[in-house]
Amino acid sequence: MVRLGLLLLVMPIVILMGVYFWELGNVRECTLNGGFWDYAEGVCRDQPQPFVSWLERYPWLVNGGMVVALLGAVMCLSGLFIRRR
């Protein structure tokens, strides 16, 4: 139970960071070419665009990742405190 809990605790963080850095690469490419990144549409534009947070764009990814990580933490703690038979 501890191993599965650790997996559930770490995997959402790795997935969120992977998606974040993938998008960051696109944003940097756009800004280095003189454009402005449209966070809502995920494309490069010629006019300045407002910033849209991750929570507004991907609510299921952010909140779901937090719930899975919390479940993993609970599984780790219960696996450490419950005696093996």
Side-chain angles (χ1 to χ4, degrees):
M1 188 138 102
V2 174
R3 290 181 185 164
L4 181 60
L6 284 173
L7 181 68
L8 290 177
L9 184 63
V10 172
M11 285 309 294
I13 297 167
V14 171
I15 291 170
L16 281 172
M17 292 302 289
V19 173
Y20 171 78
F21 282 115
W22 186 359
E23 183 182 58
L24 180 64
N26 293 334
V27 172
R28 287 193 51 160
E29 181 181 347
C30 176
T31 55
L32 288 175
N33 290 331
F36 298 94
W37 188 255
D38 184 358
Y39 289 95
E41 299 292 324
V43 294
C44 192
R45 305 265 189 209
D46 294 334
Q47 300 293 325
Q49 302 294 319
F51 175 75
V52 181
S53 72
W54 263 72
L55 190 56
E56 291 177 30
R57 290 182 282 149
Y58 306 112
W60 287 102
L61 184 64
V62 174
N63 292 332
M66 295 304 274
V67 168
V68 170
L70 181 64
L71 177 66
V74 168
M75 287 178 70
C76 282
L77 288 174
S78 64
L80 290 172
F81 285 118
I82 294 175
R83 292 182 184 225
R84 292 186 183 182
R85 295 178 185 190

So if you build clusters from Ile, Leu, Val, Met, Phe, Trp, Tyr with side-chain heavy-atom gaps below 4.5 Å, do [X] and [Y] land together?
X   : Y   : result
I13 : W22 : no
L55 : L61 : yes
W60 : L8  : no
V10 : M17 : no
L9  : V67 : no

[atom1] of [X]: more than 12 outside heavy atoms within 6.0 angstrom?
X   : atom1 : answer
F81 : CZ    : no
M66 : CE    : no
F36 : CZ    : yes
D46 : CG    : no

### Task
Test side-chain contact (heavy atoms from CB on, under 4.5 Å) on D38 and V52 and set out the steps.
CA-CA 8 Å; D38 184 358; V52 181; 5.9 Å; no
For [X] against [Y], the heavy-atom pair lying closest together:
X   : Y   : answer
P12 : A69 : CG-N, 4.0 Å
Y20 : W54 : CA-CZ2, 3.4 Å
G5  : C76 : C-SG, 3.3 Å
S78 : M1  : OG-CE, 3.0 Å
C44 : G35 : SG-CA, 3.8 Å

### Query
Under the side-chain contact (heavy atoms from CB on, under 4.5 Å) test, which residues partner L70, sequence neighbours left out?
none
### Message
Can you confirm whether L4 sits close enough to M75 that some side-chain heavy atom of one is under 4.5 Å from a side-chain heavy atom of the other?
### Response
yes
### Query
Considering residues at least two apart in sequence or located in another chain, which fulfil the salt bridge (charged side-chain N to carboxylate O under 4.0 Å, His left out) criterion with R57?
E23
### Query
Side chain of Q49, backbone of Q47: donor and acceptor closer than 3.5 Å?
yes
### Task
Start with the C-alpha gap between L16 and Y58, add the side-chain angles, then the distance that decides, and say whether side-chain contact (heavy atoms from CB on, under 4.5 Å) holds.
CA-CA 10 Å; L16 281 172; Y58 306 112; over 6 Å; no
